Amino acid sequence: MGGPSAEREVSLSSGRECAAALRVAGFDVVEIALDSARGDEIVRRLGDAAPDVVFNALHGRWGEDGCVQGLLEWLDLPYTHSGVLASALAMDKTRAKEAFRAAGLPVVESVIADADEVRRRHVIPPPYVVKPNDEGSSVGVYIVHDGANQPPALSDDMPARVMVETYAPGRELTTTVMGERALDVTEILTDGWYDYAAKYTVGGSRHVIPADIPAEIRAACLDLAVRAHKALGCTGLSRTDFRWDEARGLAGLIILEVNTQPGMTPTSLAPEQAAHAGIDFPALMAWMVEDALCRS
């Protein structure tokens, strides 16, 4: 847990919650809080711990983009969540969309552009969204509304190249996949954009589970989440986020992205859906560990 990404604090919170639940489930747990992405540090700490399985509670770059997964493969250590390729594909939003399109899944159009050009002009007609191509948790997301006269004033810490995608209006929906089983559909209600603060601040958002949506849309979310999970080659737990424009019915349902390592904090969506399905947090953690061992 921890690491150097923009999501370090969330990872530490997730890690502490997971460790506590794993102990309740009867496992012996060693918490490894990483300060950097140095491979030699990770190898040394894992060597000292000598684990039977690694529970990966890292988020963002290095932790869920295939990097640490590749290191764990090299060390021949079983680990939770998705493998190298699925993790790398999901973190690269452009490549993930290509996989979704190939599988016939609904996504919005997007381009990759130089950040400086995005600051100078509208690279696609508003409304649109600007985001890093390879970060998660709504880090560095800018919304340019319809009729906006000026392009977005991107911060200096945005990457040199960014994704610009057509804005998908509608309601925020999400579905967790556990193995090959879609658990349920949650609607996320916020006062504004479901950004980093809304995701990880108590009271920043309200989760309605099961979502108050038509049966046809619920069934579509469950189906699309499993298909997206499989299209990327995910294993273990994943969460697929949707936008649904109810005025357009089924045609208004769009996949935003797949999270191969959903947050495991007290405000997180995946544990809520598992609990709603009758799987408490320690049981969910135990399943993830046993799933990793079975796959190894």
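By convention here, the first residue in the shown sequence is residue 1. Remember, predicted model here, so these are calculated numbers, not experimental data.
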Verdict with reasoning, Arg44 to Asp40, per salt bridge (Lys or Arg N to Asp or Glu O under 4.0 Å): CA-CA 6 Å; Arg44 177 179 60 78; Asp40 56 351; over 6 Å; no
With clusters defined by side-chain heavy atoms of hydrophobic residues (ILVMFWY) lying less than 4.5 Å apart, directly or transitively, does Val208 cluster with Leu253? no
Lys/Arg N to Asp/Glu carboxylate O, Arg243 vs Asp245, below 4.0 Å: no
Side chains of Met264 and Cys18, heavy atoms from C-beta outward: is any pair under 4.5 Å? yes
Check whether Val68 and Leu75 end up in the same hydrophobic cluster, where Ile, Leu, Val, Met, Phe, Trp and Tyr are linked by side-chain heavy atoms less than 4.5 Å apart. yes
Could you tell me whether the side chain of Ser82 and the main chain of Cys234 form a donor-acceptor pair under 3.5 Å? no
State, with a plain yes or no, whether a side-chain heavy atom of Arg101 is found less than 4.5 Å away from one of Val107. yes
What is the distance from atom CG of Asp92 to atom CG of Asp134, rounded to the nearest 0.5 Å? 7.0 Å
Is it the case that Gln261 and His81 place a side-chain donor and acceptor less than 3.5 Å from each other? no
Salt bridge present between Lys93 and Glu98 (N-O < 4.0 angstrom): no
Any side-chain heavy-atom pair of Val177 and Leu237 under 4.5 Å: no
How close do Thr240 and Thr174 get, heavy atom to heavy atom, and via which atoms? O-OG1, 3.1 Å
Is any side-chain heavy atom of Tyr128 less than 4.5 Å from a side-chain heavy atom of Val130? yes
How close do Ala33 and Arg45 get, counting heavy atoms only, and between which atoms? O-NH1, 3.4 Å
Closest non-hydrogen atom pair between Ala292 and Pro78, with its separation: O-CB, 3.9 Å
May I have the step-by-step check of side-chain contact (heavy atoms from CB on, under 4.5 Å) for His276 and Leu183, ending in yes or no? CA-CA 8 Å; His276 184 74; Leu183 297 181; over 6 Å; no
Is any side-chain heavy atom of Val289 less than 4.5 Å from a side-chain heavy atom of Phe27? yes
Is there side-chain contact between Tyr167 and Pro126, with at least one heavy-atom pair below 4.5 Å? no
Salt-bridge present (Lys97, Glu165; N to O < 4.0 Å): yes
Run Phe281 and Glu17 through side-chain contact (heavy atoms from CB on, under 4.5 Å) and show every step you take. CA-CA 9 Å; Phe281 198 42; Glu17 295 290 332; 4.0 Å; yes
At what distance, to the nearest 0.5 angstrom, does CD1 of Ile213 lie from SG of Cys221? 5.0 Å
Mind checking the CZ-CE spacing from Phe55 to Met1? Nearest 0.5 Å is all I need. 11.5 Å
With the 4.5 Å side-chain cut-off for hydrophobic clustering, are Ile124 and Met158 part of the same group? yes
Output the distance between atom NZ (Lys131) and atom CG (Leu154), rounded to the nearest 0.5 Å. 13.5 Å
Run the side-chain contact (heavy atoms from CB on, under 4.5 Å) test on Trp244 and Ile217 for me, step by step, so that the C-alpha distance in whole Å, both residues' side-chain angles and the decisive distance to 0.1 Å come before the verdict. CA-CA 9 Å; Trp244 178 49; Ile217 301 303; 3.5 Å; yes
If only atom types and distance count, is the side chain of Arg239 paired as donor or acceptor with the main-chain N or O of Thr176 below 3.5 Å? no
Please examine the side chains of Val118 and Pro152, heavy atoms only from C-beta on, and report whether any two atoms are closer than 4.5 Å. yes
Quick one: does Ser87's side chain get under 4.5 Å of Asp65's, heavy atoms only? no
Residue among Ile254, Thr175, Val185 satisfying side-chain contact (heavy atoms from CB on, under 4.5 Å) with Phe242: Thr175
In terms of hydrophobic clustering (I, L, V, M, F, W, Y; side-chain heavy atoms under 4.5 Å; direct or indirect links), are Leu46 and Leu34 co-clustered? yes
Could you tell me which non-hydrogen atom of Leu58 sits nearest to which non-hydrogen atom of Gly63, and how far apart they are? CB-CA, 3.5 Å
Between Val162 and Tyr142, is there a shared hydrophobic cluster once you connect ILVMFWY residues whose side-chain heavy atoms come closer than 4.5 Å? yes
If only atom types and distance count, is the side chain of Ser238 paired as donor or acceptor with the main-chain N or O of Thr260 below 3.5 Å? no
How close do Ala103 and Ala231 get, heavy atom to heavy atom, and via which atoms? CB-CB, 4.0 Å
Does the pair Arg218/Asp184 count as a salt bridge with the N-to-O cut at 4.0 Å? yes
Taking all non-hydrogen atoms of both residues, which atom of Tyr79 and which atom of Val84 are closest, and how far apart? OH-N, 3.8 Å
If you apply the rule salt bridge (Lys or Arg N to Asp or Glu O under 4.0 Å), what do you find for Arg171 with Asp212, and how did you get there? CA-CA 11 Å; Arg171 297 161 66 176; Asp212 183 13; 5.6 Å; no
What distance separates Asn56 CG from Leu77 CG, expressed to the nearest 0.5 Å? 12.0 Å
One pair to check against side-chain hydrogen bond (donor to acceptor under 3.5 Å, both in side chains): Ser14 and His59. What are the steps and the verdict? CA-CA 9 Å; Ser14 285; His59 294 306; 3.2 Å; yes
One should read off an interatomic distance between Arg161 CZ and Ile112 CD1, to the nearest 0.5 angstrom, of 7.0 Å
Short side-chain donor-acceptor distance under 3.5 Å, Thr186 and Gln273: yes
Does atom CG of Asp48 have more than 12 heavy-atom neighbours, drawn from other residues, nucleotides or ligands, at distances under 6.0 Å? yes
Tell me whether Ser5 contacts the main-chain N or O of Glu7 through its side chain, where contact means a donor paired with an acceptor under 3.5 Å. yes
Evaluate the criterion side-chain contact (heavy atoms from CB on, under 4.5 Å) for residue pair Leu173 and Ile188; output intermediate values, then yes/no. CA-CA 6 Å; Leu173 306 175; Ile188 304 158; over 6 Å; no
Does the pair Asp291/Arg295 count as a salt bridge with the N-to-O cut at 4.0 Å? yes
Determine yes or no for a side-chain-to-main-chain donor-acceptor pair under 3.5 angstrom, with Glu73 supplying the side chain and Gln69 the backbone. no
A quick test of your reading: do over 12 heavy atoms of other residues, nucleotides or ligands sit less than 6.0 Å from CG of Asp114? yes
